[in-house]
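First comes the structure, then the notes that go with it.
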Amino acid sequence: MENCFISDFSRHVDERVTVQGWVANRRSSGRVSFLILRDGTGICQAIVERDTIGDIYPEIKKLPLESSLRVHGHVVKEERSPGGYELHVDGIHIIHKAEEFPIGKKEHGPDFLLSQRHLWLRSPRQISIMRIRDAIIRYVREFFSINGFTLIDTPIFTTTCGEDSTNLFSVDYFDLGKTYLSQTGQLYLEALIPGLGKVYCLGPTFRAERSKTRRHLTEFWMVEGEMAFYEHKDNLDLQEQFVSYVVQKTLAEKEDELKKIERDIEPLRNITPPFYRISYDEALEILKGKGSDIQWGSDLGGDDETLITGLFDKPVFIECYPKKTKAFYMKQHPEKPEYVLCADLLAPEGYGEIIGGSQREDDLNVLLNSIRDNGLDPERYGWYLDLRRFGSVPHSGFGLGIERTVAWICGLKHVRETIPFPRMLYRAYP
RNA sequence: UCCUCGGUAGCUCAAUCGGCAGAGCGGGUGGCUGUUAACCACUAGGUUGGGGGUUCAAGUCCCUCCCGGGGAGCCA
């Protein structure tokens, strides 16, 4: 008798099959026990009757949750059963009798659940989130592939910093002294566009910020695109197509998983181009009109973002920030030198920033000055400056946070549930 | 780093003005032939995060340290 996956039950009705999996839940009523089995493809209810199964029945009836089993039985269509099918069991082999499982059926707090993350990941809700995360990453790759981008794997150990040097994790690197864990692959992507035109990277990113909020992880996954001959507006057009593609594809193919985690999917149907675009100065006017005392030159805070996204039913770009609030590599605005050609994309429903992007500075001397103005050492950026010496062209790019995007699409309060093993300020275990 | 909230049974929480430390779930024992977080009965389970102090008396008040949640700054 062949092993059968629960997801294939519809093709095996009334057949005798073998299923291997774990006991997700268990109920009993005298002479009959109901085991909810999980096999990695789905869940089903297995009916075990005392009179059929024999001597092993008392042990099955008290089997600890998450014990692993190999069961034999007939697949029956049954509307009362979760999943629509159930298994009438005539034979059971206990592969491993579990110890008392720490995660119970009732509510738990975040501290406990995070300390048990390796076991928490077996919960139905976490399983759905992991499936949606997988799908989102697949659609991200698909979008870039369809649109002529080449995947470039950028290094994790770096000697140049993309953002602010105070937020780097440093690592001893043999006799070369300090290297840093990558904050961004962007600078390296820029080196690839003369050869490949449009490139992207997708990988882990490390930020040593002492952030303790629902939007921050110290280790997170970012996808970054970099495009030759794309100017600021081309960059925004691409980003809204990209985000729309990922959201619509997720809705089309993962609606069942979204419903399992009780995501209201109606607001997501609306995520199609064009998105809203307002300038930093316009955002400031809106915020001041709402009673904020935000000053020109300061970045938008979490509350500011929430306030603005609440006014729009689609994602909104905030364009052209003051140069002093942004990274050194952003291109100076041609008419207003105190601004840069950049945009952050804020997701609706209060989720806030999911993309940061900009046109890059392509003038060698302006870039050099910008590096010096930011207190960075031009010596370390020799290779990066070379890119402006050998056929410099206008180019743009952006980075999208995978966890923030998954949190938004799934409707989760906190990014910690969107990654299998979250790394946070006070948590690197398990 | 700063602000704020919290730490009581394995888990989630309660305990009035400082006055006998409790419940649900989970565990154990037994019952029930169709359960849907199954249910019913009984039962075991505590250095109230650590240390110090005030008091006749501290889970409760004070000091201090540790751990965690939420937020700020910063960012995706």
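Labels below follow one simple rule: chain letters A, B, ... track the order of the sequence lines, proteins then strands, and each chain is numbered from 1. Everything quoted here is computed from the prediction, not taken from an experiment. No hydrogens, no waters, no symmetry mates; every other heavy atom, side chains included, goes into these values.
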Determine the Euclidean distance between corresponding [atom1] atoms of [M] and [N]; express it in Å to zero decimal places.
N      : M      : atom1 : value
B:rG73 : B:rU55 : C1'   : 44 Å
B:rG10 : B:rG27 : C1'   : 8 Å
B:rA23 : B:rG30 : P     : 23 Å
B:rU12 : B:rG26 : C1'   : 11 Å
B:rA21 : B:rG49 : P     : 15 Å
B:rG24 : B:rG18 : C1'   : 28 Å
B:rC61 : B:rU1  : C1'   : 30 Å
B:rA57 : B:rC13 : P     : 33 Å

Check: [X]/[Y] side-chain N/O donor and acceptor closer than 3.5 Å:
X      : Y      : value
A:Y139 : A:E253 : yes
A:E224 : A:T184 : yes
A:D237 : A:Q241 : no

What is the distance, to the nearest angstrom, from the [atom1] atom on [X] to the [atom2] atom on [N]?
X      : N      : atom1 : atom2 : result
A:Y321 : B:rC74 : OH    : C1'   : 13 Å
A:H414 : B:rA76 : NE2   : P     : 18 Å
A:R215 : B:rA76 : CZ    : C1'   : 10 Å
A:L113 : B:rC25 : CG    : P     : 19 Å
A:Q116 : B:rU12 : CD    : C1'   : 14 Å
A:R50  : B:rG31 : CZ    : P     : 9 Å
A:L35  : B:rG34 : CG    : P     : 16 Å
A:E305 : B:rC74 : CD    : C1'   : 11 Å

The side chain of [X] is closest to which nucleotide in this list: [options]?
X      : options                : answer
A:D299 : B:rC74, B:rG73, B:rU35 : B:rC74
A:E78  : B:rA76, B:rG34, B:rG70 : B:rG34
A:E100 : B:rU35, B:rC32, B:rG27 : B:rG27
A:S211 : B:rA76, B:rG34, B:rC74 : B:rC74
A:N25  : B:rG34, B:rG69, B:rA37 : B:rA37
A:K212 : B:rG70, B:rC75, B:rU29 : B:rG70
A:H88  : B:rG34, B:rC75, B:rG68 : B:rG34
A:N167 : B:rC74, B:rG26, B:rC75 : B:rC74
A:E86  : B:rC11, B:rG69, B:rG34 : B:rG34

(request) Walk me through it: do A:L151 and A:Y200 pass the test side chain to side chain contact (heavy atoms under 4.5 Å, CB included)? (result) CA-CA 5 Å; A:L151 174 67; A:Y200 77 105; 3.6 Å; yes
(request) Could you pick out which residue, A:G30 or A:I355, lies toward the 5' side of RNA chain B when each is mapped onto its nearest nucleotide? (result)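 Its nearest nucleotide being more 5', the pick is A:G30.
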(request) Assign each of A:R427 and A:I402 to its nearest nucleotide of RNA chain B by heavy atoms, then name whichever residue's nucleotide is nearer the 5' end. (result)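 Per heavy-atom nearest nucleotide, the more 5' residue is A:R427.
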(request) Check whether any side-chain N or O of A:N147 sits under 3.5 Å from a backbone N or O of A:F143 as a donor-acceptor pair, and report yes or no. (result) yes
(message) Using only atom types and a distance under 3.5 Å, with no angle test, would you say the side chain of A:R131 pairs donor to acceptor with the backbone of A:E257?
(response) no
(message) Centre-to-centre under 6.0 Å for A:F144 and A:F242, is that the case here?
(response)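 Ring centres of A:F242 and A:F144 closer than 6.0 Å.
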Remember a base hit wins even if backbone is also touched, and classify [X] as base, sugar-phosphate or nothing at under 4.0 Å, heavy atoms.
X      : answer
A:K61  : base
A:S81  : nothing
A:E403 : nothing
A:G356 : sugar-phosphate
A:F34  : base

(message) Just confirming the chi classification of B:rC13, syn or anti, using 90° around 0 as the syn window.
(response)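 The base of B:rC13 is oriented anti (glycosidic angle more than 90° from 0).
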Does [N] have a Watson-Crick or wobble partner in any strand here, with both distances under 3.5 angstrom, and which is it?
N      : result
B:rG27 : B:rU43
B:rU33 : none
B:rA14 : none

(request) Determine if A:F220 stacks with B:rA76; use a centre-to-centre distance below 5.5 Å and an interplanar angle below 30° as the criteria. (result) yes
Between [X] and [N], is there a contact of a side-chain N or O with OP1 or OP2 at under 4.0 Å?
X      : N      : answer
A:S29  : B:rG34 : yes
A:R207 : B:rC75 : no
A:K62  : B:rU29 : yes
A:R416 : B:rG70 : yes

(message) Can you confirm whether A:K288 is buried at NZ, in the sense that more than 12 heavy atoms of other residues, nucleotides or ligands lie under 6.0 Å from that atom?
(response) yes
(message) So that I can tick it off, tell me whether A:E338 and A:K336 are bridged by a salt bridge, with the cut-off set at under 4.0 angstrom between side-chain N and carboxylate O.
(response) no
(message) Looking at the base of B:rC11, is there any donor atom on it, or on the side chain of A:H108, that sits under 3.5 Å from an acceptor on the other one?
(response) no
